[in-house]
Amino acid sequence: MRVATWNVNSLNARLGRVLEWLEANGPDVALLQETKLRDEAFPTEAFAALGYASAHVGQGQWNGVAVVSRVGLAEVERGLSDGEARLVGATCGGLRAYSCYVPNGRALDDPHYAYKLRWLDELTARLAARDRSVPVVVAGDFNVAPADLDVWDPAALEGMTHVSGPERAALDGLVATGLVDAVRALHPDEPCFTWWDYRGGAFHRGWGMRIDLVYLDADLAPRVRAAYVDRDARKGPKPSDHAPVVVDLDL
DNA sequence: ATGTCCCAACTTTTGGGA
């Protein structure tokens with residue numbers, strides 16, 4: 001089973017690249033964020049033509065998350081209590097899969113930062129109460145770099161969002177429900193960024209962060225055969241500012 | 001670090017968000 005997560009930064013702007021990537025990489029389940037589409041505008045047919053069923057939670061201009069699966073898609077779960085299109089879950093081929101788009105936070109003194117922490121706490125509560133008979137994957141754009149290894153220059157980010165203690169503690173709380181970071185399970189010491197700002201030549205300078213994460217039920221840790229960032233997908237014409245993360249599981 | 005991208009709209013330029 002191949003599971004991927006990708007913040008596409010507008011599925012409208014990125015549809016060609018996303019479909020091309022699905023064909024080339026063949027994930028069984030793809031978890032997408034920042035579709036920036038209303039549900040009516042979601043390109044269900046384009047995914048169906050490649051054999052994928054879809055579940056989308058959209059709101060239009062901002063946010064928007066989707067699960068696309070070619071191994072079945074059932075029991076769709078939509079959103080948290082905030083009303084923003086930031087969470088969708090579905091059961092796909094025996095896996096309970098969640099696509100998450102955690103609020104950015106903007107700055108430590110911004111009300112959006114407190115909203116981010118509340119949102120992560122609600123996600124944690126939701127997962128703490130999960131059905132333990134079905135293995136879970138919780139993946140997406142968390143807008144948090146879990147450790148200093150996950151940013152290009154910790155000193156440059158001092159006092160900024162994405163690296164603060166409370167954000168990292170919130171992720172620790174999520175993990176404590178019985179999850180494992182799939183990429184770190186296989187690559188504990190390797191920097192592997194997933195996001196580079198469009199501005200300032202950040203990609204070519206290596207100014208990135210690992211903020212797109214794949215959390216698996218801890219029981220699945222021994223079943224992870226591969227876990228990597230497809231950095232090449234950040235290259236070329238009209239890329240997203242995020243690269244996909246791919247995890248192969250031997251179920 | 002900020003040389004970009006994407007969206008909407010009182011739309012051909014600006015403002016908001018990332």
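Protein chains get the first letters and strands the later ones, always in sequence-line order, with residue 1 at the start of each. Every value quoted in this text rests on a predicted model; they were computed, and no experiment measured them.
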Rounded interatomic separation in angstrom, taking CD from Glu34(A) and C1' from dG16(B): 13 Å
Calculate the interatomic distance between Trp62(A) atom CH2 and dG16(B) atom P; express it in whole Å.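 From Trp62(A) CH2 to dG16(B) P: 10 Å.
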Contact class for Asn12(A) vs. all strands (heavy atom < 4.0 Å): base, sugar-phosphate, or nothing? sugar-phosphate
Tyr101(A) near the nucleic acid: base, sugar-phosphate alone, or nothing, with a heavy-atom cut-off under 4.0 Å? sugar-phosphate
Would you please say whether a donor-acceptor pair under 3.5 Å links the side chains of Glu34(A) and Ser10(A)?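 No, because no side-chain N or O of Glu34(A) sits under 3.5 Å from a partner of the opposite role on Ser10(A).
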What's the gap between [N] and [M] when it is taken at their [atom1] atoms, as a whole Å value?
| N | M | atom1 | result |
| --- | --- | --- | --- |
| dG17(B) | dT2(B) | C1' | 15 Å |
| dT11(B) | dC6(B) | P | 22 Å |
| dC5(B) | dC10(B) | P | 26 Å |
| dA8(B) | dG3(B) | C1' | 25 Å |

Distance test, side-chain N/O of [X] to OP1/OP2 of [N], below 4.0 Å:
| X | N | result |
| --- | --- | --- |
| Arg14(A) | dC6(B) | yes |
| Arg106(A) | dA18(B) | yes |
| Lys36(A) | dA18(B) | no |

In Å, rounded to the nearest 0.5 Å, how long is the span from CG of Asp181(A) to CG of Asp150(A)? 7.5 Å
Can you tell me which nucleotide in [options] comes closest to the side chain of [X]?
| X | options | result |
| --- | --- | --- |
| Arg86(A) | dA18(B), dA8(B), dC6(B) | dA18(B) |
| Arg205(A) | dG3(B), dA18(B), dG17(B) | dG3(B) |
| Asp197(A) | dG16(B), dA1(B), dC6(B) | dA1(B) |
| Trp152(A) | dA1(B), dA18(B), dC6(B) | dA1(B) |

Would you check if the side chain of Thr177(A) reaches a backbone N or O of Ala128(A) as a donor-acceptor pair within less than 3.5 Å? no
Nearest nucleotide by nearest heavy atom, which residue falls closer to the 5' end of DNA chain B, Leu157(A) or Asp141(A)? Leu157(A)
Applied to residues 115-127 of chain A, the salt bridge (Lys or Arg N to Asp or Glu O under 4.0 Å) test, sequence neighbours excluded, yields Glu77(A)-Arg126(A), Lys116(A)-Glu167(A)
Test side chain to side chain donor-acceptor pair (under 3.5 Å) applied to Asn9(A) and Lys36(A), Lys238(A), His242(A), the passing residue: Lys36(A)
